[in-house]
Trainee: 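Take this structure, written in structure tokens, and hold onto it; I'll ask about it next.
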Amino acid sequence: MTNQQSTINNQQSLLSHPVAVPDKPALEGLEQKWLAKWEADRVYRFDRTVPRSDVFSIDTPPPTVSGSLHVGHVFSFTHTDVIARFQRMRGKAVFYPMGWDDNGLPTERRVQNYFGVRCDPSLPYDPSFVPPDKPGKHPIPVSRPNFIELCARLTAEDEKAFEHLWRHLGLSVDWSMTYATIDRRSQRISQLSFLRLLDRGLTYQLEAPTLWDVDFRTAVAQAELEDREQPGAYHRVRFAIADRDGHLTIDTTRPELIPACVALVAHPDDDRYKPLFGTDVITPLFGVRVPVRPHTLADPEKGTGVAMICTFGDVTDVTWWRELSLPVRAIIQSNGAFRAVRWGERGWESVDASRAQGHYDELAGLSAVKARARIVEQLRASGDLIGDPKPITHAVKFYEKGDRPLEIVTSRQWFVKTMEFREPLLARGRALQWHPPFMQARYENWINGLAGDWCISRQRFFGVPFPVWYEVRADGSIDYDARLLPDEQRLPIDPSTDVPNGYTEEQRNVPGGFAGDPDIMDTWATSSLTPQIVSRWEEDPDLFGRVFPMDLRPQAHDIIRTWLFDTVLRAHLEFNALPWKHAAISGWILDPDRKKMSKSKGNVITPMTLLEEHGSDGVRYWAASARMGTDTAFDPGQMRVGRRLAIKLLNASRFVLAKPEPTGRVTSAIDRGLLTMLASLVRESTRDLDEFNYARVLERSEAFFWFFCDDYLELVKGRRYGDQGPDLAASANGALLTALSSMLRLFAPFLPFVTEEVWSWWRAGSIHQAEWPSAEELLSAGGTSEDPRGVDALNFAAAVLTAIRKKKSEEQRPLKTAVAVAVVQAPAAMLALLPEVERDLCAAGLIQRLETAEADALQVRVDLASPESSA
RNA sequence: GGGCGGUUAGCUCAGUUGGUAGAGCACCGGCUUUACACGCCGGCUGCCACAGGUUCGAGUCCUGUACCGCCCACCA
């Protein structure tokens, strides 16, 4: 096709559809109108027939459904949607599923309260169970499968509300591919991946000290920790040196753990304590003989330089305990209460067992906090507390969802090997394309700070069970080494109700029989498989081949250490590959006072309220104004600006389409200049969007559009009504229609509703399936090349017009005031452009006489017509 | 303690290879102009955190400092 032909075709296609512009265009109701149409026409349906190279696949973050969606979700999901819409218009088949994270603790808590039930995994499944209408006083125990059914029932309701919000926001998701982290497919993939890792020795079970939440009574992983500043106090406590006179003093914030003390420790180079290494001391109150040992982790600067090692007060204790081969004296139970101890028995030897028992009996059954208060009194009474406790605030480790500090409890847990893969995982991080790039540092930080393998087991109920049974020995104990595993074809299974091959239900939990693994996997152990879940790994190889590895993982920066890292780990272990090419990291929404917006603070503004007040396009405008990775203030003002932009698009389009004929070849300099400017905007916008730089595209498109409205439109208004004859009117119309078409498509990823509305006035099909604009298409309408002279002419005319408006404004005269004489002083090169724009300029500025004079810089002298003579 | 961002107009932020500081909001003034009063036109506002350095020239590059925010850390 020659350029000439393409020009003609382009012009024909500009008006190939009857133009029908409403009299009073408005934004109200556009969401409902177009959502229904998009759904009916399956505009966002993924085309799974295209090859991988023509697919753009997105690994959507599944929001937690038991919480509520907030503006932060709207913010980051809009970013993703802008990219999705851009890629779709570029001709990609966009694989954009939505998921719900319904698996996990938050859902459990809601279901317990909502239905008045309690999960008892020892119960068999009751298919006929119906929850009471109202929750009763005492929770009804139900089996794990029944409990999970209730979770599914409740989350289904939440998911409907979420979907409604997402649709209203205009997310171009293919809703036929929605998944949930607790659905059968997710469970199957999660269990399948687990079994494969187990088979390769990449996951293992171990009984070891583990971080433990005493309220939830479950193990937690390093990634779920957070530090909180807590008030505490240094207690200076003295230990008698065994077999001779003298005392050693230590500082401790946890004096209640003195009964669990197994050693004291000081730095090997600390001259104060060198002589004591190898000797024993006697613990106060309990009279236990413990050694004084050297270790480099002991800090001479802290406290007295001697630390008390307990089993277990913190993670350093675990390190010391392991490296110094110390015994265990555990006193805190899984519920956080002090266990009963019989002093004098093996492991609890004391120089005065009855005195120890006396002290300890006052502590047994207490929580750590209460025990601390009690033991301080005991220490004070015995004279072993030196001075008063010195109040301090210090950072204490908490489970991020927990209310009490974590304890360390010895238990049997499943781990995924991570420590030995740190180097290759760092390399994966370097191969991943981060947006913005500095986010990679957080990933590396996390890996470099890893303290141990990933604990994936949780002592909870609503989650994916471990697909494992164990043989039960003749004595009734469980043989954890004798695992019974299901065939992959049976997955998903629940070992609390399903039975291993070759056994019957009667053999459950009886000697010689079997026992199911009681634990479930951590949420992240499943959600780290979202790429595998959405692409239907090991279920639909054809689909998998078309979408995996995926193109984009969008998410927020707070879950780099969990979701992102875990997903990279799983893909590395399973496929020896990255799960995606790009990671686009959104920032957070901050309160106007720059603090992180928190749900607990009671942000009463729900996303739906925002969408209704400002329109979806307005809210999307605000969200898309923030660059990737930038924390952004919540700003309704920006939403109003976005809404205004959408209204402006309606009105400007109405004007352009009000008299679209005659249309023809774009010949006038300023028309060609406009298209040239727009062509370079399109070219740069395409490049920016390819690099996830959507905020810049929106900003620049908006600026151009405003220039188009304020200056260009005003300059060509008269001409396009025919003031200068049909050919020049045709040129103006050609440029207006061409520019409008491109601008609408430029805005379409950001403002999907208003652009679709305007598109429907004069074009067939959905704008969201239209081709992304190109510089070539714009330039072919104006000839075949860029026209920098046209750009200069347009800018020159706009500058003169501004000067004339300024004069009218200064004189406080109406803009329709005529200009008797305008003297344009400018460099010769500029003046040479004047003939090209003179007639447009005089029409737009109501200039009666135009004179010129050469000058170094542009300057316009304006003499307004007298009030009487201006009509 | 380690790391990463940030510091530009009253507010929110742009500023792409270094070349005489920008936008929007807010504020002030004006205007019904045949798309838009959910509008239009115009105006005001800055030792670009601070101190050095490189350069003919630094908001931009280098070094250091301060403050803000975040991530991480074995915090007795």
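Note that this is a predicted model, so its numbers are computed, not measured. Chain letters run A, B, ... following the sequence lines, proteins first, then strands; residues in each count from 1.
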Trainee: Partners of His235(A) by ring-ring contact (aromatic ring centres under 6.0 Å, His included), sequence neighbours excluded?
Mentor: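 Per chain and number, His235(A) pairs via ring-ring contact (aromatic ring centres under 6.0 Å, His included) with no residue.
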Trainee: Which part of the nucleic acid, if any, lies within reach of Asn445(A) when heavy atoms closer than 4.0 Å are counted: base, sugar-phosphate only, or nothing?
Mentor: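 Contact class for Asn445(A): base.
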Trainee: Expressed as a whole number of Å, how far does the P atom of C13(B) sit from that of G53(B)?
Mentor: 33 Å
Trainee: State which of A35(B), G3(B), C71(B) makes the closest approach to the side chain of Ala441(A).
Mentor: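 Closest nucleotide to the Ala441(A) side chain: G3(B).
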Trainee: Enumerate all atom pairs, one protein N or O and one N or O from nucleotides 24-31 of chain B, separated by less than 3.5 Å.
Mentor:
from, atom 1, to, atom 2, distance (Å)
C25(B), OP1, Arg644(A), NH1, 3.3
G29(B), O2', Gln812(A), NE2, 3.1
G29(B), N2, Ser809(A), OG, 3.0

Trainee: If the sugar-phosphate is the primed atoms plus P, OP1 and OP2 and the base is the rest, what is the B/S/- string for nucleotides 16-21 of chain B, using protein heavy atoms under 4.0 Å?
Mentor: B-----
Trainee: Show, in sequence, the C-alpha distance, side-chain angles and deciding distance for Lys397(A) and Asp314(A), and conclude whether the side-chain contact (heavy atoms from CB on, under 4.5 Å) test is met.
Mentor: CA-CA 9 Å; Lys397(A) 285 195 191 307; Asp314(A) 63 27; over 6 Å; no
Trainee: Using atom CZ of Phe655(A) as one end and atom C1' of G39(B) as the other, report the distance to the nearest whole Å.
Mentor: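 Checked: the CZ to C1' distance equals 15 Å.
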Trainee: Which of these nucleotides, C38(B), C41(B), A35(B), is closest to any side-chain atom of Arg643(A)?
Mentor: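 That would be C38(B).
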Trainee: Under 4.0 Å between any heavy atoms, over every strand shown, what does Gln222(A) touch: base, sugar-phosphate, or nothing? Just pick one.
Mentor: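 Sugar-phosphate, no base atom in range.
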Trainee: Looking at A35(B), C71(B), G42(B), which one has an atom nearest to any side-chain atom of Thr802(A)?
Mentor: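 Output: G42(B).
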Trainee: Could you tell me whether the phosphate oxygens of A35(B), OP1 or OP2, come under 4.0 Å of any side-chain nitrogen or oxygen in Tyr712(A)?
Mentor: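 It does not, given that no N or O in the side chain of Tyr712(A) lies less than 4.0 Å from OP1 or OP2 of A35(B).
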Trainee: For Ala451(A), answer base if it contacts any base atom (sugar-phosphate contacts may also be present), sugar-phosphate if it contacts only those atoms, and nothing otherwise; contact means non-hydrogen atoms under 4.0 Å.
Mentor: nothing
Trainee: Just to confirm, is there a sub-4.0 Å distance from OP1 or OP2 of A73(B) to any side-chain nitrogen or oxygen of Lys397(A)?
Mentor: no
Trainee: Taking only N and O in the side chain of Lys302(A), is any of them less than 4.0 Å away from OP1 or OP2 of C75(B)?
Mentor: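 Checking C75(B) against Lys302(A), a side-chain N or O does come within under 4.0 Å of OP1 or OP2.
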Trainee: Using modelled atom types only, decide if a donor and an acceptor are shared between the side chain of Arg254(A) and the backbone of Ala368(A) within a distance under 3.5 Å.
Mentor: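 No, the answer is negative, given that no donor and acceptor are paired below the 3.5 Å cut-off.
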Trainee: I'd like to know if Asp227(A) reaches the base of C75(B) with its side chain, counting only an N/O donor and acceptor under 3.5 Å.
Mentor: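 Counting by modelled atom types and ignoring angles, a donor-acceptor contact under 3.5 Å is found here.
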Trainee: Determine the contact category for Thr253(A): base if any of its heavy atoms lies under 4.0 Å from a base atom, sugar-phosphate if only primed atoms, P, OP1 or OP2 are that close, otherwise nothing.
Mentor: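 Contact class for Thr253(A): sugar-phosphate only.
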Trainee: What's Lys648(A) touching, base or sugar-phosphate or nothing? Going by heavy atoms closer than 4.0 Å.
Mentor: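 The answer is base, as Lys648(A) lies within the cut-off (heavy atoms under 4.0 Å) of a base atom.
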Trainee: To the side chain of Asp710(A), which of G5(B), C40(B), C72(B) is closest?
Mentor: C40(B)
Trainee: Nearest of C75(B), G43(B), U12(B) to any side-chain atom of Ala633(A)?
Mentor: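 Comparing C75(B), G43(B), U12(B) against the side chain of Ala633(A), the answer is U12(B).
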Trainee: How close do Trp212(A) and Leu406(A) get, counting heavy atoms only, and between which atoms?
Mentor: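 Heavy-atom minimum between the residues: O-CD2, 3.2 Å.
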Trainee: Is Thr817(A) reaching over with its side chain to a backbone N or O of Pro814(A), donor-acceptor style, under 3.5 angstrom?
Mentor: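 Yes, the answer is positive, given that a donor and an acceptor are paired below the 3.5 Å cut-off.
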Trainee: Pick base, sugar-phosphate or nothing for Cys709(A), based on heavy-atom distances below 4.0 Å to the nucleic acid.
Mentor: base
Trainee: Any Lys/Arg nitrogen of Glu714(A) or Lys717(A) sitting under 4.0 Å from an Asp/Glu carboxylate oxygen of the other?
Mentor: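 Yes, this pair counts.
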